[in-house]
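Written below as structure tokens is the structure these notes are about.
Basis for what follows: all heavy atoms, side chains included, without hydrogens, waters or symmetry-related copies.
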Amino acid sequence: METKLNDRVPIKPSRHSFYLFLVILFIVVFASAIYIEADPYVIVQNGSNMFDLISRMFPPDWSYIVTTTPAMLDTIRMALLGTTMGTLLSIPVMFLCARNMYHVRWLVEASRIGLNVLRTIPDLLLAAIFAAILGYSSLAGIVALSVFSVGIIAKLSFEAIENIDDGPLESMTAVGANKLQWIAFGVVPQIMPHFVSYVLYTFEINIRAAAILGLVGAGGIGLFYNRALSSFNYDQVLALILYTLVVVILIDLISLKTREKLL
């Protein structure tokens, strides 16, 4: 039995909309650069200053690493404590923000607005605010990182909660499970891998953030960054940059191995 084939060649979709989008994007970017006076020629014009600054960084002052090691350890402790406190605080927040957990609309929307406010404030501004309240110490950095961590962990986690499988929850509701049992045995097992991954990711971010909080007086290695920059000791600055880079890489590797073991 012969089958008659359609001789028509499929019409290639028009790409006019894609090209129009690229043109509009280019116009927006170009207009934004003109409006804020972002002149690329300034980079070329001041290129000699950049090379002069880089040349003054070499060779790095390796002896400065020994001096700053206690502050680097304080930075890691700040990130660890800030992440831990932020994780604990984010647990109730992420459940309040998930629409499939609570059907009280005003409560969910109010929780989301509060979370958006936390995420809007930069970590450096948080550190400056808490440094003014609590004093110029590591405590201000820890509290700032805790608030910053809530914004990240709760945001990512409540989205994971809203994407869970509702089947187990409906089954538990049918047999009379209460709200706590519903969450403990129906929600937590589904989001736990994601939650652990988000916490470790936040810890990695906080290591980087804690390294510069000292610029606003919140303790840690940032105090030495500020001191070296203020005194124009760029060889010390490069030593601190390389030191921070090694620490961040080690933390990333440990976090990756931990995530592989847990997940």
Side-chain angles (χ1 to χ4, degrees), residues 12-58 60 75 79 82 86 97 112-132 141 144-145 147-156 158-159 198 201-218 220-249 251-252:
K12 186 177 181 179
S14 175
R15 298 181 62 86
H16 292 163
S17 57
F18 175 72
Y19 295 134
L20 179 62
F21 168 76
L22 291 180
V23 171
I24 295 175
L25 179 62
F26 175 79
I27 293 174
V28 170
V29 171
F30 186 73
S32 300
I34 294 176
Y35 183 78
I36 64 175
E37 299 180 355
D39 187 0
Y41 179 70
V42 176
I43 300 176
V44 179
Q45 189 176 15
N46 295 305
S48 59
N49 295 335
M50 179 180 65
F51 289 112
D52 177 63
L53 179 62
I54 294 175
S55 65
R56 292 170 64 183
M57 286 184 170
F58 290 92
T75 297
C97 291
R112 291 194 173 198
I113 291 173
L115 185 59
N116 286 334
V117 171
L118 291 182
R119 293 171 53 242
T120 301
I121 306 174
D123 50 354
L124 274 178
L125 180 57
L126 284 171
I129 293 172
F130 287 114
L145 290 176
V147 176
F148 179 69
S149 298
V150 172
I152 298 177
I153 298 173
K155 166 66 175 178
L156 297 174
F158 89 71
E159 292 178 347
Y198 299 150
Y201 171 68
T202 304
F203 177 60
E204 296 172 15
I205 294 177
N206 283 342
I207 288 290
R208 298 174 178 87
I212 60 172
L213 292 186
L215 295 175
V216 293
I221 197 70
L223 292 173
F224 290 89
Y225 271 109
N226 193 21
R227 187 179 304 171
L229 287 169
S230 300
S231 57
F232 303 104
N233 293 321
Y234 296 113
D235 55 341
Q236 295 179 351
V237 174
L238 179 58
L240 288 176
I241 292 174
L242 296 176
Y243 192 14
T244 305
L245 175 63
V246 171
V247 171
V248 168
I249 291 175
I251 294 294
D252 285 347

Restricting to side chain to side chain contact (heavy atoms under 4.5 Å, CB included), what partner residues turn up for [X], sequence neighbours left out?
X    : result
N116 : R119
I27  : V23
I24  : L20, V28
L238 : M57, F58, P60, L242

Shortest non-hydrogen contact between [X] and [Y], atoms and distance:
X    : Y    : value
C97  : R112 : O-NE, 2.9 Å
V150 : L115 : O-CD1, 3.7 Å
G82  : S149 : O-OG, 3.8 Å

Enter the distance from [X]:[atom1] to [Y]:[atom2] here, rounded to the nearest 0.5 Å.
X    : Y    : atom1 : atom2 : answer
I251 : N206 : CD1   : CG    : 11.5 Å
L145 : T75  : CG    : OG1   : 9.5 Å
F158 : I153 : CZ    : CD1   : 14.0 Å
L126 : L118 : CG    : CG    : 8.0 Å

> Which residue pairs satisfy the side chain to side chain donor-acceptor pair (under 3.5 Å) criterion with at least one member in residues 21-36, sequence neighbours excluded?
Replying inline: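 Listed by first then second residue: nothing to list.
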>> Would you say that T202 contacts F148 through its side chain, given a criterion of any heavy-atom pair below 4.5 Å between the two side chains?
In response: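 T202 does not reach F148 side chain to side chain.
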>> For R208, give me all partners under salt bridge (charged side-chain N to carboxylate O under 4.0 Å, His left out), at least two apart in sequence or on another chain.
In response: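 D252.
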